[in-house]
Every structure is written in C-alpha cells, then in structure tokens.
Amino acid sequence: MKWFLIICFLSFSLLFAITQDDFRWLIDTEQFSLIEKYSPSWQKWQEGGKEELSLLLEYSQRAEKPELELKCNEILALKYNQLENALRWINTAERLQLENQQIEEMYLKLSQVFTNPQDRITLDYYFGKITQEEFLEQILQLRGYNQIIEDIARGWIDEISSEYSDSLALAMINRFEYHFPLSQWTQATYFYKLYHYLSLGQYDIMHQCIQEQGYRSAECLYISALYTLSPDYRRNQELSNNRLILNQAIYMLDSALKDYSSDQEIRVVYDLYTPEQWRNRLLLTKVKGEYYSLLADLNLYGDEENIYALFNEPNDALIQLLEDISVIQFDNNDRGELAELHYWKGKINVLISQKNYLQTAAKEYTTALVYGSPRKKYDDSCLHDLEFLKNKLNVDKELIAWLHEIMNYDGIIFEEYPFPDKHYSRIAIGDYDNDGYNDLLFDGHSLWHNDSGQSFTEVSDTMNVANLSANGALWADFNRDGYLDFVTISHNSEGLGESLMKNQDGLRFVKVNERAGDVDDHYPTEGAAWIDIDGEGYPSLYCANYEQWQIRSGYPDFFWHNDHGYFKDESVKRGFRSPTYADNPGLAGRGVAPSDFDNDGKQEILVTNYRLNRNFCWDQKDSIFVDVAALYCLTGHYQDGFYGHSIGADWGDFDNDGDLDLFVANLAHPRFIEFSDISQLLRNDGLSYKIIESDTIWFWQFTDITKSAGITYDECHSDPLWLDADNDGYLDLFITSIYKNERSYIYKNNRDGTFTDITFLAGARVYNGWGNATADLDRNGLTDLVIASGSGDKILLNKTQTTNNSIFIKPVWQDDKIILIDNPVKFSQFPTSPAFGTRVKLILRDADGKQRTLIRELASAKGTTSQNAQELHFGLGNATVLSIERVKYAKDKN
C-alpha cells in the first residue's frame, strides 16, 4: 500500500508538471489559482536554479504571498549572491513583522556573503546598522559602486532634473558630486551644471567647468561640445576666441568619435544610444560646429536673424558640409532626430543664394516640420525661414499651399475655425436642443450652441451651466425623455462635485441629484462613461477617481446603476470593489473607454489608471463585473510593481476585420522609461486559448503592433481618437500630447496595418492638447476635430478635397426599441436618446464588385472623459451601400 501511494503521488506530480514558459504565462495573466493547482510541480523550484527562483519571487510578489517572497529572496541572496534580494528580504521581513532576533540572524548570514566594502555598507544601511549620514560618508571611501548605490545616485539625479531653480539645482549638483564622485551619473550632473550656468549667464564659470571636467569621458566630451557651440556662450568670450572655441568643440567631438565603439551603448543623461545612433549623433553635432565655424569667418555666431543667401555659390567648406551631413542617418524620430537632421540640412542649403539650393532648403525645412520634434524645437525657425524662401523664390501662394506643393501632398486638410481664446481640458459633443447640429460642452460648464454649422454662440449662462463646479461632462439621455442630459465630473469634495443635469426640453438644465440620486462621491473624478448594462436605454454611470498629490495615492471608483432614471451606488454589489487593488485606497483613475471588444453584445469597461498603476478591464458576467485586464494583457506591462502612466484610450476597428482594436496613450518620461509603458497600439486578434496540462484557458488576444505600425514614441501622449478623416473607410488616429509646446499627431491609415504621420501638412498640429472629440459640425459629410488645450482650444473643420462619400447613422431609443437614423436631415425628427453600445454593420460593394464590411459602435466616452457626437460615421470611399444592419445578439431584448 505504501509503495502504491508513493507511485500515485509521483504520477500526480508528473501529470501536473508545469514548464517555466507556462508558469511565466500564468503569472503575466494572473491565473494564480491555476498556479496553486500545479504547486506540486513547482514547489521543488525553491531548491532549483536562479531562473526558477526569480519566477517564484515574482509570483509571490504579484499574488501577495510574503512568506514565499521572503524565502525566495533569502535563497537568491545567500546562494546566488544577489544583493538586491538581500535588501528585498529586509523589506518583506518588516511587512511580516519578524522578530528582531530573526532579522539579526539573517543579517549575520548575509554578512558572510557580502564582504566587499560597497556591498557591506549597503547591507549595513538597509539593516539599520548605520545612519544615512554615515552611509554617505562611507561611500566616499569606496573605489567603486554597486548597482544599489548607483540606483540611489539615480534618485538624486531625478530630483535634480525636475528642479527649475538654477541656484537650487546647482546646490543639489554640488551635494551629489561630493557624495557620489565615482557614479556613472556624474555625466548627468555635468550636463545639468552646464545647463544652469548657461541659464544664469555665468559664462566664465561654465568655461572653467568645461576645462576641468569636459574631457573625462566620451559622454562629457559630447556634452562639452554641445554647450560650447552655444552662440550665447561663444559671444560672451572675447571675439578673437570664437573660432578657437569652435575648434575646441570640434576637437572634442573628434575625440569622442575616436573612442566610438561599435558594440557598446552610450547613455547621456537619460537617453540611451545604440552605437550607430551615438556615432550619428556625434557626426551631426560636428556638422553644427563646422557650420558655426563657417559663419565665424563672417563675424557671425549663428543665432542672428536672417542668415540667408550669404554665398553666391558653394565654396569648398560648404561643399564639405553638405557631404558630411548627407551620410548621417537616424533610424527613427523618437527624440526628434530626423526633424533635427533635416532642419540642419535646410540651414546649410539656405546659405547659398542659387535657386536650386534655396528650393532644396525649403524642402528640407518642410520635411523637418513634417517629422516634428519634442518641445517644438525647430518649428518656429523653419516657418520663419520658409517665409523668407517663399519671398526670395517669388512664390505667389499661401505658405501652406506652397508646402503642400513641395511635398506633393493632396491628403487630409483641416482649417482652424476662429474660436475665442479659451483654455479648457475636456470636450463633450452632442445635440442638446435636437436641431440636427452638434453643440460643444467644454469642461462641463461652458456650453456653445452650434448655429446651423455656421458659427458657435456661448449659452452657458442662459442654459444654467456656467457656475457648475466641473472639469468635464458626458451627454446621455439618462431618463429617456428624448433630450440629452449630462453628468459633470469634478474634484470638489464639499458636495458640489458630480452633478446630474436634466435637460428641460432644450431650454435650460437643472441639477437633479436630490431627486435622481446623488452621484457626487466627494472624490477627485477624472474619468467617466455611460454604460447601458441592462439593455433598456437607461445608461448607468462609471466614475474613475484619481488621487490627491502627496495626500492619497488613489481612490476607489464608483458605479451608479440607473434604474429608469434613478441612480444608486452599486459599486460593491456589482463587483467593482472585489479585487484588493481596486479599493483601500484604490488607484489613480484617468479615463474610461467602454467597448464590446469580445463581440458578446455587452460593452466591457476599460479604465486607464495613472501613476504606474495597472489598468482595469471590467467584463460583465451576468450582474457581476470581473476584471479581465490581466488575462487579456490590458493592465500594461508589469515591471517590479509598476505598469504605465496611462491617460486615455480609444477603441476602433482600424483594420476592418470586424472587431475593435485599442490605442492606449501613456505618459512615458525618459527617466522612467525602463519600467514605464510607452503608448500602445493593440490589435484585436480575437479569441484564443492556451493549454496548460489538463486546463484550457480561453482569452482575448491583443497584439502590440505599435512599432511595426509606424506609431513613434512620444513622451507626452495623452488622449487618442479614432476617426476616418478622409472618408476612405479606414480609421485614422489622432493623439494629443500634454504640456506646453508638445505636439499632437494625426496618423493616416495606410490600409495595410501601418500609419503615416501627416499632422503638419494636414493642419492638425495642436500644442499642449488634452481632451478631444470628433463630429461633423458643419454637415459637409466630413468629420471635424475639437481639441481642448491649455494653450488655447481649437476647432478644426475638415476641408479635405475628396470624392469619397460618407454616411452618418444615429442609433436612438424610441418606444423601447433601438432604431437607426441614417440621414442627418432626419436627426431632429427623432428623440435624442443615444443607444450606447449599439453596433452597426455596413455591407459595401466596391467599384471592382468586391464586397466588404465596416463596423462602428456607439460609445459614450473615450480618452479621459471626452465624448464624440452620438453618431456613427462611416467613410465609404466610392463604394455602394448594400445594407445597413444593427448587429444583434441572442440575448438582445429588442
């Protein structure tokens, strides 16, 4: 019997053996119950290798199993000499409130393993054997640093990088250099030191600093040359030294190029360069030095206005400059490198007065504008020089028309409507008075009536919304009386927050919280959406709550169920508080984007969370909602407890395969790029499954195609929007970027899974953008853009010249049924009761006789609480519409 039991146990263990790859997948999708099911096969990993232990450690952290976490850290520290795990052990021990004796015993064991000076003082510091002051003093005695000390130094650099005061930053730099003289991050302090000296105009101190520190490494040589080339710096030396200073800069760059290694990455401040990128970066900077040297012969420094046509023909120096810059290449424009390269090609060509060189300069400047760069670095200079070139070349056209001609551009065109100088953050578009034209509601308290597509008139006061404490709003007919009502969102915690505003026959709005349900949660609300979970035309409300900076890291979200126009908090009842991470304190919610991406007839609720928090994706299972974000890989990438700074998201079928794809905009600062997600374009590849031993796990497959699709990295992406701007039947992508001088994007859908940035040529470059939405405001058959911006809101009317046709379909509730109105002329004849969640399918026949299908779905929100018009826009190209169908599901009630 004994042997029989042993054989059975071994058979059971073998039956449920699990591979590392399967274990990895189960961790990533947070299928922790299955991991526990297979525990007999991985328990032995605790005595295994480093790789298995690292997997177990991550599992223990994500599944909140501190005892296993403690054990894994102990083994990794003692057996594999991992100092980081030794320090993690003490953190876990403190969470478990281990006795001091246990902690002391572990410290003695670790002291036998970590004996070199840098590891020992790090161990002593984290175990509380020495104070911070003693730790910093002992660092001064070291001959080198471990990674932990370098990470501590990196933290100081992060603080220096965000300090705006020159004097305070310089004091912080001095303190850093005293305490961390051997750090690899001294190149960053050197960069910031020169930056602040230049900002203060302390040129002599800057010069002395370059002479003392500028030759210490290839990175410092590059940084030295970068600042030495500054016209302000050179001008404030004696005139006779200008050429000498430039020669010194070029010598520095040549020295750095000699140290160039084809197999070693280089970090300058936070930017990490591949060997080829580094080489081209040095070459381009050297070209700048040679350019300034050329101007120095004319007693110019390079920042004077109107440096044009200085030479009748190219001399040897100019020919060499053009040859030198022609061999420089960059593989992407993530840091604005391609814009910079073409800008400098333009600056060199514009020096020569011959017509062909001036024409080349114009094309180079335009190309630089098309690529664009962070912080609006070259835009103003390019536009300034292009105006000169237009006049010099006797071009009798508007500047933008000439640039279109230069680039052979005949695509999407937007023209700015002269809207007053307002600075709002969110926009909700809807026809509140049911006249067939879409009106604009900014920030929930600034309402603009659309005057038959000709102009906009502010009616905030007369409509009783001007004094609302709001930072956003969303339209919905929440009581199904045929008129659009709206809900506001707010950070107010004194009872003046979220407000249900009932529409009184298009004449005014009144607050009905007291009668319809007080949806004011007294929390800082940033995201919201309407979702009709019952399929009866009474949409419920989801509110995503944010944070209070340095007071509370997050708040739980609220779900207000709509029972025929009356709202009740069902956040707990519906499952939204069940996951531990969703409550106490909750996460920093930014936006809500509903979508039926799994084609089951019920919209899922994607919630984008900020502060490196995970995203939610709530899937309705009967009356309960379950977070499936991890299973569908929509949380963001997990990295040491962090995910991404997600702001806004939007769904759209960009590849016309019948399901909804997703774009998530993430703020991704370079200093956090190692563990913070960049923006993601996630293609919906449908239902998939994975077999792990006896279990089959079904999940919705999303594939990250951001890079292959041609979507470039931007540090400050904020709010995306899918729209078909040219009526070709393929969704294009618009993205705003937050902060002053950060640009928006519009990516043209190339119909092959890739996109092309046409922002500048399309007239859609807006700076410091946040919320945005689309609608056909002037009823010309093309969808327009409205962008809320801290630098001035924009209404961009779509003036694209195209033969492509379109159709706008408005799904509304009437007599307990959803009907589709397919002609804007008839929109005002029906109730304005949006049927959120409605999916419409068009069957088209193209000119070649082939049939194809388009889908669109009516969502109440996107981004971070902005809202498109409650109409579905289909670009048709030149196709014929064969049928218009509402996609129905077996569970539909109507």
Side-chain angles (χ1 to χ4, degrees), residues 184 186-195 197-198 203 206-235 237 241-297 300-303 316-331 335-348 351 373 377-378:
Q184 63 181 345
T186 54
Q187 52 86 14
T189 59
Y190 180 59
F191 176 90
Y192 288 120
K193 187 186 296 185
L194 296 184
Y195 171 83
Y197 284 150
L198 188 63
Y203 305 110
M206 179 178 164
H207 175 75
Q208 182 180 348
C209 183
I210 290 172
Q211 301 311 309
E212 292 175 353
Q213 301 181 33
Y215 296 83
R216 293 189 301 189
S217 65
E219 299 93 323
C220 286
L221 285 166
Y222 167 70
I223 293 168
S224 300
L226 207 61
Y227 281 100
T228 298
L229 294 178
S230 163
D232 279 345
Y233 170 72
R234 289 183 285 112
R235 181 177 282 107
Q237 306 299 310
N241 286 338
N242 187 18
R243 189 60 185 266
L244 181 63
I245 293 170
L246 290 168
N247 288 342
Q248 182 187 28
I250 293 170
Y251 170 78
M252 289 173 169
L253 294 165
D254 281 332
S255 298
L257 281 163
K258 288 178 182 177
D259 292 339
Y260 160 75
S261 172
S262 60
D263 58 0
Q264 183 180 356
E265 290 186 323
I266 292 286
R267 183 185 294 277
V268 178
V269 191
Y270 294 108
D271 288 331
L272 194 62
Y273 295 98
T274 66
E276 191 60 21
Q277 288 171 339
W278 176 240
R279 178 176 175 275
N280 282 292
R281 167 57 47 199
L282 293 173
L283 288 174
L284 180 55
T285 309
K286 185 180 176 183
V287 163
K288 296 178 189 179
E290 293 167 343
Y291 169 89
Y292 287 129
S293 295
L294 187 66
L295 296 184
D297 293 339
L300 296 172
Y301 289 89
D303 60 347
D316 291 343
L318 277 168
I319 291 171
Q320 187 62 52
L321 263 180
L322 291 169
E323 289 179 0
D324 289 345
I325 202 168
S326 69
V327 301
I328 299 172
Q329 296 181 332
F330 293 107
D331 55 5
R335 303 183 188 95
E337 295 96 333
L338 289 169
E340 181 183 13
L341 177 62
H342 287 282
Y343 169 69
W344 280 92
K345 286 183 176 180
K347 283 178 71 71
I348 295 169
L351 293 176
S373 65
K377 210 166 186 179
Y378 310 107

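The structure displayed is predicted, hence computed values, not measured ones. Just the heavy atoms: all of them, side chains too, but no hydrogens, waters or symmetry mates, feed the values below.
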Hey, does L229 have a side-chain heavy atom less than 4.5 Å from the side chain of L246? yes

Among side-chain atoms of E276 and N280, is any donor-acceptor pair under 3.5 angstrom? yes

Kindly indicate, with the supporting measurements, whether the criterion side chain to side chain contact (heavy atoms under 4.5 Å, CB included) is fulfilled by Y273 and R279. CA-CA 9 Å; Y273 295 98; R279 178 176 175 275; over 6 Å; no

Could you check whether the rings of Y203 and Y233 sit parallel, tilted or perpendicular, using 30° and 60° as the cut-offs? tilted

Please check if the distance between the ring centroids of Y227 and F191 is under 6.0 Å. yes

For side chain to side chain contact (heavy atoms under 4.5 Å, CB included), just list the numbers for Q187 and R216, CA-CA rounded to whole Å, side-chain angles, deciding distance to a tenth of an Å, and then say yes or no. CA-CA 9 Å; Q187 52 86 14; R216 293 189 301 189; over 6 Å; no

Hydrogens and angles aside, do Q211 and Q248 bring a side-chain donor and acceptor to less than 3.5 Å of each other? yes

Using modelled atom types and a 3.5 Å cut-off, is there a donor and acceptor pairing between side-chain atoms of R267 and backbone atoms of Y270? yes

Got R281 and E337 here, is their nearest side-chain heavy-atom distance under 4.5 Å? yes

Evaluate the criterion side chain to side chain contact (heavy atoms under 4.5 Å, CB included) for residue pair T285 and L282; output intermediate values, then yes/no. CA-CA 5 Å; T285 309; L282 293 173; 5.8 Å; no

With heavy-atom distances below 4.5 Å as the criterion, would you say the side chains of Y215 and S224 are in contact? no

Given K193 and Q213, is the side chain to side chain contact (heavy atoms under 4.5 Å, CB included) satisfied, shown in steps? CA-CA 11 Å; K193 187 186 296 185; Q213 301 181 33; 3.0 Å; yes

Parallel, tilted or perpendicular: ring planes of W278 versus Y222, cut at 30 and 60 degrees: perpendicular

Is there side-chain contact between L351 and L294, with at least one heavy-atom pair below 4.5 Å? yes

Are D271 and R335 ion-paired here, with the side-chain N under 4.0 Å from a carboxylate O? yes

Considering only heavy atoms from C-beta outward, does the side chain of E323 approach that of V327 to under 4.5 Å? no

Are L283 and L257 close enough that some pair of their side-chain heavy atoms sits under 4.5 Å apart? yes

